[in-house]
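Worksheet: the structure to be examined is printed underneath.
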2 protein chains.
Amino acid sequence: MDSPPTTRDRIVQAAMELFWRKGYGSTSISDILETAKVNSGSLYYFFKGKQELLVAVLEAYRDGIGPALLNPAWNGVDDPIEKIFALLAGYRRALVDTDCFYGCPIGSLALELHEPDPEVRELMAANFTAWTDAVRECLEQADLRPETDVRALAELTLTVMEGAVMQTRTFRDVAYFDRAVAQLRQHIDQLRKE
Amino acid sequence: MDSPPTTRDRIVQAAMELFWRKGYGSTSISDILETAKVNSGSLYYFFKGKQELLVAVLEAYRDGIGPALLNPAWNGVDDPIEKIFALLAGYRRALVDTDCFYGCPIGSLALELHEPDPEVRELMAANFTAWTDAVRECLEQADLRPETDVRALAELTLTVMEGAVMQTRTFRDVAYFDRAVAQLRQHIDQLRKE
DNA sequence: TTGTTAGTTGAACGTTCAATCAAGTCAATC
DNA sequence: GATTGACTTGATTGAACGTTCAACTAACAA
């Protein structure tokens, strides 16, 4: 049923992969061309330049949060709190699978791009919001004390994930990730009813 | 008493400033030369290349954590827990003063450099360790429950700061920082004796 | 057949980059 | 006053970069 990927798709795919692995600045157009097996003219037929390609990549990430991130992580998980930690476990796996090299692609871009265009900045923000909104829904389904600031707690989850990825990558040791997640679990446990 | 800064010092100073504001990759050698008012030959007389300059910058940051970061933040603060939040307030101020553009220089570098040399990676790790060690000392002086994992809690403080800076910069809104810090305070309060 | 549209090709362009180096300065030492 | 050695100068190099473009192909339509 699924037709072979279009040239445009191959370019976006390659850019997603390379921006994740090498970062935006360190990925050259020719890197992308080689990976996607495409000539430069084709790339510039579909995209005005490198930055418009970044926009497409960020849109692809945003649209993939549900199908490519949440659905696999939540397969077979029902408890709303456990869904949150299953999501975090997905990032842990990505770290372990890459020897603690690669973490969250959006987080890396967010700190690498020091003066992003408004469109790029807003797309990164949209990615974060979509992520925390999903966590927020879980928290609202859980039995937390009524006075709990669910928004702040969902944002803290993202905060902890991103900060933990940063330290894990820097120390090349997933134990930093585990200790941070354990602290988050302890914090959330304190907010449960009873 | 303090003599005029040496050429070397001016170069390191300029590089610290520019790596913080523009990032490592986006700072060119000629940016540094202009800022430091130095010719390229002088820079290459003191440093083998851009990366050796990065090493010097990371060493300068590490050596400055006490005198340039902790001492000013802790001026007039005695309570060990309040010292921690005074430190975080310093980062908040930096964000507000720069319209939520610039956060922690080490954190930005840690996510920007995807394949850092071992020496660079270890220096970033040393910066993080020096930071969390300072927080750890505060936590050990505080009256926390004896079963508290003080190391994990100190690392969580760094995690929250870095993650909060990332979101604050992306949303250009310091409220994200404040909500994260409020959650951290709530968590630490839960771990106090009684 | 002829024209039109959508997509592809890859050599070439101008710029910017990190890095080099031969020549020069100047205060201290002999 | 000659010599030394630490430091400075800035034009220059060559590679890598993002981007452009005129020519080309294939499919479909008039």
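Residue numbers begin at 1 in each chain, while the letters A, B, ... track the order of the sequences. As the structure is a prediction and not an experimental result, all values here were calculated from the model.
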Under the side chain to side chain donor-acceptor pair (under 3.5 Å) test, which residues partner A:Gln51, sequence neighbours left out? A:Asp117
Carboxylate-amine/guanidinium proximity below 4.0 Å for B:Arg172 and B:Asp99: no
Which nucleotide of DNA chain C is the first, and which the last, in the 5' to 3' direction, to come under 4.0 Å of a heavy atom belonging to chain A? C:dA6 to C:dA11
Strand contacts (DNA chain D) in residues 39-55 of chain B, 4.0 angstrom heavy-atom criterion: B:Asn39, B:Ser40, B:Gly41, B:Ser42, B:Tyr45, B:Phe46
Could you check A:Leu95, A:Val96, A:Asp97 and say which one makes a side-chain contact (heavy atoms from CB on, under 4.5 Å) with A:Arg93? A:Asp97
Test: ring pair (Phe, Tyr, Trp, His ring centres under 6.0 Å). Region: residues 96-115 of chain A. Which pairs qualify, not counting sequence neighbours? A:Trp20-A:Tyr102
Mind checking whether A:Val12 and A:Phe46 have side chains closer than 4.5 Å, heavy atoms only? no
Does anything in residues 28-41 of chain A form a side-chain hydrogen bond (donor to acceptor under 3.5 Å, both in side chains)? List the pairs, not counting sequence neighbours. A:Lys22-A:Asp31, A:Ser28-A:Ser30, A:Ser28-A:Asp31
Given B:Arg10 and B:Ser42, is the side-chain contact (heavy atoms from CB on, under 4.5 Å) satisfied, shown in steps? CA-CA 11 Å; B:Arg10 289 217 314 284; B:Ser42 293; over 6 Å; no
Between residues 113-123 of chain B and DNA chain D, which residues have a heavy-atom gap below 4.0 Å? none
Is the B:Phe171 ring parallel, tilted or perpendicular to the A:Phe128 ring (thresholds 30°, 60°)? tilted
Under-4.0 Å salt bridge between B:Glu140 and B:Arg151: no
